[in-house]
2 protein chains.
Amino acid sequence: MSSKETINKVFKAVSDPTRREVFHVLMAASAAMSIAQITEHFEISRQGVTKHIKLLEEAGLVKTFEKGRERFCESNPTPLNEIRNWLLVYDKFWDDKIKSLDKFLTQRPKK
Amino acid sequence: MSSKETINKVFKAVSDPTRREVFHVLMAASAAMSIAQITEHFEISRQGVTKHIKLLEEAGLVKTFEKGRERFCESNPTPLNEIRNWLLVYDKFWDDKIKSLDKFLTQRPKK
DNA sequence: TAAATTAGCAACCATATAGTTGCTAAAATC
DNA sequence: GATTTTAGCAACTATATGGTTGCTAATTTA
């Protein structure tokens, strides 16, 4: 599940400002929203929104279901953990550097 | 400093897998690396690497300095905080949903 | 001083991206 | 049953992206 492809898709999904805003609108919404409802929040066309939804969906950040002629979209923040984990690696690097500095300082002969 | 432009650049810098790897190599390095040294780690041309460095630099994730005919690159993880802060917003959303669920459950008349 | 190394600049290429418009199909409403 | 609404599909456009090659300039090294 958490493959190299997945993380690429999540980063890609989130790299576009409009797409981040679409995601935000869905996160802030109290219920699932149709494509038309989402489009109301933006200046771009419905087709434009649909394309963004598709990319977000591929990253797993949005789930959709059909109901009659409408398609409803819900946000799913779980894949953001891919990004969190990616960041963690660099926290670790940071810690290691602090530690090795600390080691260096404490093991230095006193005076 | 922490403008809308900045966060766009950081997300963009980090959205490409090769660029994430360049950043990673620099983070893992114990000293600053020249363009040629970085290129050794990749299958792409020096010019390709230079382009990636430029984007990383614009995002502030890489700092460079010249020394003779060489240019040295160092990673700077600080702008990653832009991403951390962006993620925090959705932790908050998450918390709020848990809280309102909790509120709903505890305020429900007992039996 | 001549040769080799390091890197910048510019032009180019193929593909991806963000967006559009036009048309069609299926539900919902009148 | 006719009309409106909602959305998908396809084609198109402009620009950005990731990559290349060729050439030039500057610094090192021999």
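Throughout, protein chains are lettered first and strands after them, A, B, ... in sequence-line order, and every chain is numbered starting at 1.
- Although no hydrogens or angles enter the test, the distance criterion places a donor-acceptor pair under 3.5 Å between the side chain of A:Asn81 and the main chain of A:Thr78.
- Nucleic acid contact for B:Lys12: sugar-phosphate only, since backbone atoms but no base atoms lie under 4.0 Å from a heavy atom of the residue.
- Put simply, chain B comes within 4.0 Å of DNA chain D, heavy atom to any atom, from D:dT17 to D:dT28, going 5' to 3'.
- When all heavy atoms of B:Val10 and B:Pro79 are compared, the closest pair comes out as CG1-O, 3.7 Å.
- The side-chain contact (heavy atoms from CB on, under 4.5 Å) test with B:Leu56 is passed by exactly one of B:Asp16, B:Val14, B:Leu61: B:Leu61.
- To the nearest angstrom, P of C:dA26 lies 12 Å from CD of A:Glu66.
- One finds no salt bridge joining A:Arg84 and A:Asp91 here, because no Lys/Arg side-chain nitrogen approaches an Asp/Glu carboxylate oxygen to under 4.0 Å.
- Comparing A:Asp16 and A:Lys67 along DNA chain C, the residue whose closest nucleotide (by nearest heavy atom) sits nearer the 5' end is A:Asp16.
- With contacts defined as side-chain heavy-atom distances shorter than 4.5 Å, the pair A:Met33/A:His41 qualifies.
- Annotation: proximity of residues 37-65 of chain B to DNA chain C (heavy atom, distance under 4.0 Å) is found for B:Arg46, B:Gln47, B:Thr50, numbered in ascending order.
- Across the protein-nucleic acid pair, A:Lys9 atom NZ and C:dA16 atom P stand 14 Å apart, rounded to whole Å.
- Aromatic ring centres of A:His24 and B:Tyr90: separated by under 6.0 Å.
- A pairwise comparison of heavy atoms in B:Val62 and B:Glu57 identifies O-CG, 3.3 Å as the closest pair.
- Under the 30°/60° scheme for interplanar angles, the aromatic rings of A:Phe72 and A:Phe65 are found to lie parallel.
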Intra- and inter-strand pairs of DNA chain D in dot-bracket (Watson-Crick or G-U wobble, both distances under 3.5 Å; | for another strand): ||||||||||||||||||||||||||||||
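- Here the closest non-hydrogen pair linking A:Arg19 and A:Ala13 is NE-O, 2.9 Å.
- Salt bridge status for A:Glu58 with A:Lys63: absent, with no side-chain N to carboxylate O gap under 4.0 Å.
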